[in-house]
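To start, the structure itself, in structure tokens.
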Amino acid sequence: MAIIDLQNVTVSFDNQHVLHSVNFAMKSGEFVYLVGQTGAGKSSLLRLIYVDLQPHEGRVSVAGFDAHRIKSREIPKLRRKLGVVFQDFKLLPDRDVYENVAFALYVTSTPRSEIKKKVLMALGDVGLSHKRNQMPHELSGGEQQRVVIARALVNSPSLLLADEPTGNLDPASSAEIIELLRTINVRGTAVLMATHNYELVRRYPARIVQLKDGKLLEVELRERK
Amino acid sequence: MALGYLLKEGISGFRRAKLSMFAAIFTISISLLLLSFFTILLINANSVIEGLRNRVELEVFLGDYLSKSDTDTLQTKIVGLIGVEDVRYVSKDEAARIFQEEFGEDINKVLDFNPLPASFKVRLKDGYRTTAGAESVYVATKEMKGVEEVAYRKSLLEMLDTRAQTFLWLALGIGSFVAISAIFLVANTIRLAIYAKRKIIQTMKLIGATRTFIRIPFLLEGLVQGFIGGAIAAGVIYLAFEYLEQFVSMQLSDLVAVDREAYGIIIGVGCLLGILGSILSIRRFIGEKVVEQ
């Protein structure tokens with residue numbers, strides 16, 4: 001079953017098409033790279049999926065929600081089914097690692113007894129249990145990104161969206177993040193990762209779609225060599 | 001909904017953003033102090049003006065030749081005039097006694113006779129204690145048979161009519177200005193505090209927090225800020241009056257009425273200002289997109 005289904009989606013800013021009649025479907029449990037140059041519309045496509053942006057034409061359906069018909073009070077429910085990871089982390093700077101991850105559970109009114117268990121498990125998954133009492137600014141970029149991934153995972157989402165998750169990281173940390181995302185994918189979570197780091201894509205092959213001139217194309221890995 | 005979390009979150013803002021909390025509380029206190037002092041001043045000025053008006057009465061001097069029954073008839077006629085509240089008869093003897101009280105001399109001994117006429121002291125009804133009200137009674141009584149002279153403090157009433165009215169309008173204008181400024185000042189301070197948390201609000205939305213969930217801690221924060229700001233303002237006003245009373249010979253509390261309820265009202269208005277400021281401020285940020293364009 002498709003977890004993401006975009007049909008003839010058009011998005012324009014200032015009368016310029018960023019996405020033009022885009023069709024894209026992604027199955028549950030799939031791992032997909034979304035590649036394209038800066039400004040190609042990768043972030044806009046992801047924003048369509050977490051309903052921060054509405055298409056000007058076409059249909060977007062995500063995890064059983066139809067973005068066109070969704071009521072504004074249903075958007076939080078959809079977002080809880082997704083995990084979103086950003087290049088600039090978006091951690092809450094005024095609370096420690098544990099609280100940052102636990103925050104996603106407070107939002108969903110998870111019982112207190114379960115919160116601790118789930119947070120420690122998620123931090124264990126990303127290898128940061130020992131840093132749970134540190135503040136975000138005390139961590140390296142790679143570590144911060146792993147906290148964000150832990151926060152995205154703690155609600156057991158069926159889909160993880162990653163917008164240039166390695167954009168601010170050195171090659172070693174980038175590789176760690178990709179490996180982490182692949183592990184998460186192997187456990188059953190679908191991952192859609194926007195990136196322009198072709199080196200990583202080559203090292204960790206998966207389905208690739210490319211945004212170019214507002215169009216979405218399927219790309220074979222061999223063609224990029 | 002995770003009530004415990006929301007409560008904790010509302011309070012922990014104080015720990016996380018001390019400076020903006022302090023700024024908001026300080027702003028609320030100052031605004032309330034300004035408003036309170038102004039209101040107290042206005043209420044008291046108004047009661048002083050009303051007090052002066054209440055004291056204005058017309059003196060209707062009677063001819064010595066009037067008999068008892070003529071006097072009674074005249075009194076009935078004056079009581080029946082529009083705007084008259086009551087009429088008190090002051091006999092020649094009583095007038096002499098009042099003279100002695102005021103000047104320390106017995107007029108009968110000074111002049112060998114009592115030249116002071118008997119009179120009616122006419123008090124006006126509320127709403128007629130104006131130049132126009134007094135003047136109509138003045139004209140009506142002056143034409144009555146047996147009335148020699150009618151006197152009242154026309155200049156005082158005229159002064160009250162013109163200047164007091166101007167003063168009240170001016171005070172009301174400045175008061176409204178102060179009140180509106182207070183709301184804007186508080187809303188602006190809170191908006192700056194929330195603006196600093198804009199990214200946090202975006203992250204909350206991204207994780208799937210509902211608008212209510214995001215809003216409640218900010219409202220609680222506003223409420224607590226308002227309460228503390230209000231309590232500080234009430235405390236300052238209380239101390240100010242306690243302190244002033246020691247230096248002003250007149251019993252200040254007689255003139256300046258600050259009831260116990262007034263302190264409650266100040267704190268209540270503080271809470272209201274805090275919540276209102278938060279609602280106005282957060283409304284803008286909560287509707288923003290997660291990703292800025």
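Below, chains carry the letters A, B, ... as their sequence lines are ordered, and counting in each starts from 1.
- Contacts from residues 59-81 of chain A to chain B, taken as heavy-atom pairs separated by less than 4.5 Å, involve A:Pro76, A:Arg79, A:Arg80 in sequence order.
- Ring geometry for A:His20 versus A:His17: interplanar angle under 30°, hence parallel rather than tilted (30 to 60°).
- Proximity of B:Ile237 to B:Ile40: side-chain heavy atoms (C-beta onward) are separated by under 4.5 Å at one or more points.
- In this structure, A:Ile49 and A:Ile4 approach most closely via the heavy-atom pair CD1-CD1, 3.7 Å.
- Salt-bridge annotation for A:Lys42 and A:Glu164: present, with a side-chain N of the basic residue lying under 4.0 Å from a carboxylate O of the acidic one.
- Judged by the 6.0 Å distance and 45° axis criteria, A:Arg182 is positioned over the aromatic ring of A:Phe31.
- Aromatic ring orientation, A:Phe13 versus A:His56: perpendicular (interplanar angle above 60°, classes split at 30° and 60°).
- Contacts between A:Pro93 and chain B at a heavy-atom distance below 4.5 Å involve the side chain alone, from C-beta outward.
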